[in-house]
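Inspection log for the structure reproduced underneath, given as structure tokens.
Every number for a ligand or one of its atoms is a count from 1 in the order of the listing.
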Amino acid sequence: MTLLRFRMFERALDHKPVEVKAPSRNPSDYFGEKVFGRQQMRKYLNKQIYEALLDTIEKNTPLSTDIADAVAAGMRGWALDNGADHYCHWFQPLTGGTAEKHDSFSEPDGIGGMLEEFSGKVLVQQEPDASSFPSGGIRNTFEARGYSAWDPTSPAFIVDTTLCIPTVFISYTGEALDYKTPLLRSITAVSNAATEVCRYFDRSVERVKVYLGWEQEYFLVDDALWSARPDLVQTGRTLMGHESAKNQQLDDHYFGAIPQRVLAFMRDLEYECLKLGIPLKTRHNEVAPNQFELAPIYEEANLANDHNQLLMTIMGKVATRHNFRVLLHEKPFKGVNGSGKHNNWSLGTDTGVNLLKPGRTAFENLQFITFLVNVIAAVHRHNGLLKASVMSASNEHRLGAGEAPPTIISTFLGKQVSEVLDKIEESLGNQDIRFDSKNVFRMGGLAQIPSLLLDNTDRNRTSPFAFTGNRFEFRAVGSSDNCADAMIVLNTAVAEALTEFRTKVDAKIQSGEKRDKAIYETIRELIRECKAIRFDGNGYSEEWRKEALQRGLDCETSAPLVLDRYLDPQSVDLFEKLNIYSHKEIEARTEIKWEQYVKKIQIEARVLGELAMNHIVPIASKYEDVLLDKVCKMQKLGLKTETDIKLIRNIQNRTATIQTLVGEMIESRKVANNIENTREKAIAYHDTVAAYFDRIRTEIDKLEEVVDDQIWTLPKYREILFVK
Ligand code: ADP
Ligand code: MG
């Protein structure tokens with residue numbers, strides 16, 4: 001071990017659990033205390049203002065200037081009472097992550113003093129000078145105006161001493177420059193379409209809500225060891241490192257006892273999150289060493305996504321207090337599982353019905369099957385686009401790695417639901433379907449789906465899009481992703497399917513068909529159309545790839561090419577007709593995704609090249625020199641030297657290969673950098689630059705196995721991954 005590596009390891013071992021000041025109160029006492037929620041609103045706003053604001057939140061009624069002023073005054077009062085001295089519009093630009101620009105509440109009062117000010121105008125809209133955020137060419141920097149505008153449906157909150165106001169971020173010509181704007185648009189689209197379909201079943205439904213429950217996977221590493229790994233520091237993942245002899249083979253980490261240091265971190269994090277109104281519920285060890293997961297109770301999608309964004313920031317802050325670094329990269333370590341962010345998604349009515357949950361009556365079940373089938377039809381039609389929504393330079397390492405969802409989107413429905421769909425499909429106009437078992441499924445009048453469905457427990461871990469009893473779980477989302485991209489595509493695709501469904505059913509009704517029969521027949525047509533997306537088998541197998549190709553599913557694996565799906569005519573049409581993205585917006589966003597791909601790979605290539613040349617090759621050569629010295633001395637004594645010479649050759653070959661490959665990689669980069677077109681450039685980076693990563697790494701990892709551990713500079717997997 002080199003001195004630095006040794007010191008860092010020693011420091012890591014010295015890090016003890018940091019005891020959190022255990023809150024003496026119950027979570028219910030402090031939950032949401034840093035949020036300007038309903039209780040706080042009631043206290044700080046008068047009744048009339050409070051009710052007007054609720055109308056805006058629940059029914060999208062526009063807010064008048066007077067009311068905005070009154071809300072701002074109340075919000076300011078609450079914020080000052082709770083220790084805030086600054087405020088900011090908090091938004092989600094396309095860099096990923098969140099942005100905030102703080103302003104002080106204090107303003108000169110005109111008579112030499114200061115006054116705490118915060119008007120409705122400032123609450124509602126601001127113009128951050130945000131010319132450096134990616135816009136994909138929508139904004140030239142000389143017309144850099146971008147506006148942030150208040151989203152009243154997501155409550156303001158206080159972080160440290162700043163009042164944060166969730167906002168959308170749009171260009172001065174109205175194009176979305178963030179994740180929230182299109183997410184809100186897509187929620188409206190699917191909510192409207194679903195409400196229309198719900199009306200077949202219950203005329204009292206006024207609104208359908210979209211729910212999201214994310215599960216966040218992450219790794220923790222000691223910050224001392226992290227800081228001694230330039231690849232982790234700069235790229236968020238290890239670009240080299242030999243697998244440790246023991247990693248996850250024994251499955252002894254999964255759901256195991258949580259290490260004390262980690263538990264202290266988790267409790268601290270939970271405390272902070274609960275105060276911010278993030279309803280965290282579950283925590284456990286994940287499969288890989290040092291990998292963990294947490295999940296809240298699901299919420300309406302917009303709020304849930306804000307909470308996830310906020311969580312990711314808070315995680316980083318809390319981790320440093322515990323001498324940890326949080327890794328949200330999808331594949332930070334080779335040879336062990338990567339991290340995802342499962343998105344549990346469902347639709348529910350304002351009357352309290354989960355539309356993806358089998359019901360008790362035949363009628364409820366027809367509604368359930370209607371929504372279920374429309375979701376899988378949507379996933380079928382846009383499977384390539386759905387994959388594009390979660391594709392990135394980092395998630396590309398995880399998807400298809402044989403432990404995460406494969407790069408082919410399919411749906412898993414479980415045996416029961418599949419049988420029900422098969423029966424419906426076969427019934428050929430005859431609605432009288434029966435199961436043999438005692439869970440009778442009758443279609444005499446209509447569906448009587450067995451209540452056993454409720455615990456649909458046969459889960460398929462390899463499926464990217466699984467039905468799990470009362471919701472769908474989209475598992476291909478990456479751990480570092482903003483959930484919005486995936487949710488936007490899903491919401492929009494389902495909105496399209498439901499709209500078409502309604503049109504078809506209405507047409508049948510108009511031509512004299514009874515309503516229930518019309519619904520049933522349309523479901524049957526859909527089941528037939530989208531059969532190809534249903535797959536309950538092993539998604540990792542080679543046979544599945546072949547079969548999926550035959551079924552016409554999107555099997556592309558190269559990230560830049562997967563992103564092409566955004567610009568397919570049927571995608572552009574989808575986004576345009578439902579007012580999610582204009583053609584210009586969708587082009588801009590895809591451009592940004594390619595651009596980010598290029599930048600990520602470019603940085604990784606540089607870091608890898610540098611580390612290879614100024615850490616690995618010199619260290620290996622130093623050891624080689626020692627061996628050469630030894631061989632010369634041995635030969636003088638007439639001793640046998642073959643094995644040493646073999647080792648020298650091995651090292652020599654590998655260092656030479658590394659130098660050659662790094663040289664070639666640099667050349668490829670130069671060529672790629674000269675390409676003007678961003679898409680072409682991304683493809684070149686994928687095919688000709690990133691293609692070197694594994695080849696170089698293999699040589700380095702082999703050297704790590706043989707070079708004297710005393711002089712190896714970089715902390716090894718066995719050190720990074722097992723610090724407790
Ligand atoms: P698992 O790991 O078995 O998938 P978890 O309990 O870790 O389950 O996470 C399940 C997630 O799904 C939680 O966030 C939970 O709140 C969410 N969830 C449960 N029911 C629904 C629903 N109807 N709609 C959306 N999300 C849901
Ligand atoms: Mg899950």
Glu293 heavy atoms, cut-off 4.0 Å: which ligand 1 atoms fall inside?
7 (O)
Enumerated ligand 1 atoms positioned under 4.0 Å from heavy atoms of Asn354:
23 (N)
If you round to the nearest 0.5 Å, how far is CZ of Phe472 from CZ of Phe412?
11.0 Å
Check whether any N or O atom of Trp345, backbone or side chain, sits under 3.5 Å from an N or O atom of ligand 1, and answer yes or no.
no
Straight-line distance of Asp306 CG to Phe157 CZ, nearest 0.5 Å:
7.0 Å
Should you measure from each heavy atom of Ile297, which atoms of ligand 1 turn up under 4.0 Å away?
16 (O)
Contact partition for His342 relative to ligand 1, non-hydrogen atoms under 4.0 Å
neither
Hydrogens and angles aside, do Asn192 and Thr195 bring a side-chain donor and acceptor to less than 3.5 Å of each other?
no
Out of Asn343, Val477, Asn305, which residue meets the side-chain contact (heavy atoms from CB on, under 4.5 Å) rule with Trp214?
Asn343
Polar contacts were defined as any N/O atom of the residue lying under 3.5 Å from an N/O atom of the ligand; does this apply to Tyr298 and ligand 1?
yes
Would you kindly specify which portion of Glu473 sits under 4.0 Å from ligand 1, judged on non-hydrogen atoms: side chain, backbone, both or neither?
side chain
Report the distance from atom OG of Ser186 to atom CD1 of Ile488, rounding to the nearest 0.5 Å.
5.5 Å
Phe169 ring center near Tyr179 ring center (under 6.0 Å)
no
